[in-house]
Amino acid sequence: MSGPGVSGHGAPDHEDIQDLRERKMTGATVWLTGLPSAGKTTIAYALAERLRGEGHRVEVLDGDEIREFLSAGLGFDREDRHTNVQRIGFVAELLASNGVKALVPVIAPYADSREAVRKRHQREGTPYLEIHVATPVEVCSERDVKGLYAKQAAGEISGLTGVDDPYEEPESPDLRLVTHDRTVQESAAALHALLTERGLA
C-alpha cells in the first residue's frame with residue numbers, strides 16, 4: 001500500500017526528490033544573536049555539520065574571523081559595531097542569494113542594526129532567520145570561553161556586551177533558543193526543525 005509521496009516500492013516519488021533538491025539548493029541567512037559565550041558559534045558549527053551531511057552548501061561567518069579580515073580597524077563603539085554588522089549582513093546575503101546556507105553567529109547587540117540586515121534580505125527576496133541564543137549573562141560569565149568576563153571584572157577591558165555595554169534582545173525572533181538546559185545537539189536540532197518548517201532544510 002502506498003501513501004502520499006511513496007511509490008508502490010516504498011521509494012520516494014519524483015515530486016519528493018525534486019522538493020528535496022530544491023531545499024538543498026535554496027540559500028538562507030541564519031543569524032544567531034546573543035551574549036558573549038552564549039553558545040552561538042558552537043551551535044552554528046553543529047548545525048553546519050548536519051546540513052553539510054545532508055548535501056547543503058554551508059558557510060559559517062565567524063565574528064572573530066570577520067573582525068580580523070573584513071572589519072580590521074573597526075572599534076567597538078556603536079557606530080563601528082553597526083558598520084561591522086552591515087558588512088557581515090552584505091556578505092551573508094550575497095552567499096545566501098547564491099544558494100548557500102550562511103550561518104552567522106555574531107552578537108549584533110543593537111536592534112536597529114539587525115533590522116537593517118533583515119530589510120536588506122527582504123529587498124533582495126532572500127530568506128533570513130533571526131535566532132536569539134538566550135543564555136543568561138550569569139551562565140555566559142561562568143562559561144567565559146574567551147576570558148572576557150574575567151577581564152571585564154578585573155578592569156582590564158570595558159564595553160563588554162551585556163555587562164557594561166547594551167544588548168538589545170530581539171523582541172520577536174524566528175526562534176528563541178534557551179541553551180543552558182539543553183545540549184548543543186538539541187539546540188542545533190531545534191534550529192534544523194525550524195529550517196525544515198520553512199522549507200529550507
Side-chain angles (χ1 to χ4, degrees), residues 26-48 51 58-72 74-98 100-137 139-140 145-146 148 159-179 187-188 190-195 197-198 200-201:
T26 301
T29 293
V30 181
W31 198 295
L32 296 90
T33 175
L35 297 174
S37 295
K40 303 179 298 296
T41 303
T42 307
I43 294 168
Y45 277 107
L47 177 63
L51 289 171
V58 185
E59 291 292 340
V60 177
L61 300 183
D62 182 275
D64 292 336
E65 293 178 357
I66 294 289
R67 277 276 178 183
E68 182 178 355
F69 296 107
L70 186 63
S71 294
L74 289 181
F76 290 89
D77 60 19
R78 183 170 188 133
E79 183 177 349
D80 280 3
R81 286 179 187 267
H82 178 78
T83 299
N84 183 50
V85 168
Q86 299 318 300
R87 288 180 182 178
I88 297 170
F90 172 79
V91 174
E93 196 283 322
L94 192 64
L95 288 168
S97 66
N98 283 280
V100 177
K101 302 291 191 303
L103 311 184
V104 188
V106 173
I107 295 170
Y110 300 112
D112 59 348
S113 296
R114 298 192 302 266
E115 183 60 23
V117 172
R118 181 187 288 278
K119 286 181 177 176
R120 168 185 288 280
H121 283 71
Q122 286 176 340
R123 284 197 304 271
E124 301 298 331
T126 305
Y128 177 85
L129 299 176
E130 182 179 83
I131 313 303
H132 180 206
V133 183
T135 309
V137 67
V139 176
C140 294
V145 178
K146 300 172 187 173
L148 297 176
L160 180 59
T161 301
V163 180
D164 58 353
D165 213 52
Y167 177 69
E168 298 170 2
E169 290 192 0
E171 292 183 3
S172 53
D174 294 277
L175 179 66
R176 201 180 304 276
L177 283 174
V178 180
T179 64
S187 294
L191 189 40
H192 188 277
L194 175 65
L195 288 170
E197 178 187 309
R198 301 289 176 88
L200 299 169

Does the pair S97 and E124 meet the rule for a side-chain contact (heavy atoms from CB on, under 4.5 Å), with working shown?
-> CA-CA 8 Å; S97 66; E124 301 298 331; 5.9 Å; no

State the CD-CD distance between E130 and E115, to the nearest 0.5 angstrom.
-> 8.0 Å

Check for a donor-acceptor pair, side chain of R176 on one end and backbone N or O of H132 on the other, with a separation under 3.5 Å.
-> no

Between P109 and T161, the two heavy atoms sitting closest are CB-CG2, 3.9 Å

Can you check side-chain contact (heavy atoms from CB on, under 4.5 Å) on V85 and V117, steps first, answer last?
-> CA-CA 8 Å; V85 168; V117 172; 3.7 Å; yes

Would you please say whether a donor-acceptor pair under 3.5 Å links the side chains of T179 and S187?
-> no

Rounded to the nearest 0.5 angstrom, the CZ-CG distance for F90 and L70 is 9.5 Å

Before accepting this row, confirm whether a basic side-chain N of the pair E59/K101 lies closer than 4.0 Å to the acidic partner's carboxylate O.
-> no

Is a side-chain donor or acceptor of D164 paired with a backbone partner of G159 at a separation under 3.5 angstrom?
-> yes

Salt-bridged, R67 to D80, with N to O below 4.0 Å?
-> no

Is a donor on one side and an acceptor on the other found under 3.5 Å between the side chain of K40 and the backbone of W31?
-> no

Does a side chain donor of either S113 or H82 reach within less than 3.5 Å of an acceptor in the other side chain?
-> yes

Which heavy-atom pair separates A96 from T126 by the least distance, and what is that distance?
-> CB-CG2, 3.4 Å

Taking every heavy atom of A116 against every heavy atom of Q86, the minimum-distance pair comes out as CB-OE1, 3.5 Å

Flag this pair as yes if the NZ/CZ of R120 is under 6.0 angstrom from the six-membered ring centre of Y128 and inside a 45 degree cone about the axis; otherwise no.
-> no

Could you tell me whether the side chain of R123 and the main chain of R118 form a donor-acceptor pair under 3.5 Å?
-> no

Before giving the answer on side-chain contact (heavy atoms from CB on, under 4.5 Å), spell out for T29 and V104 the whole-Å C-alpha distance, their side-chain angles and the decisive distance to 0.1 Å.
-> CA-CA 7 Å; T29 293; V104 188; 4.0 Å; yes

What is the minimum heavy-atom distance between A201 and L51, and which atoms define it?
-> CB-CD2, 4.1 Å

Test L175 against every option in L129, L195, L191, V133 by the side chain to side chain contact (heavy atoms under 4.5 Å, CB included) rule and name the one that passes.
-> L191

Could you give the distance from OG1 (T41) to CG (L32), rounded to the nearest 0.5 Å?
-> 8.5 Å

Charged N-O contact under 4.0 Å between D165 and R78 | no

When every non-hydrogen atom of V60 is compared with those of A48, the smallest separation belongs to CG2-CB, 3.8 Å

Quick one: CZ on R114 to CD1 on I107, what's the gap to the nearest 0.5 Å?
-> 11.0 Å

Indicate the atoms forming the closest heavy-atom contact of G27 with L200, along with that distance.
-> O-CD2, 4.3 Å

Is there side-chain contact between I66 and N84, with at least one heavy-atom pair below 4.5 Å?
-> yes

Going by an N to O cut-off under 4.0 Å, is there a salt bridge joining K119 and D112?
-> no

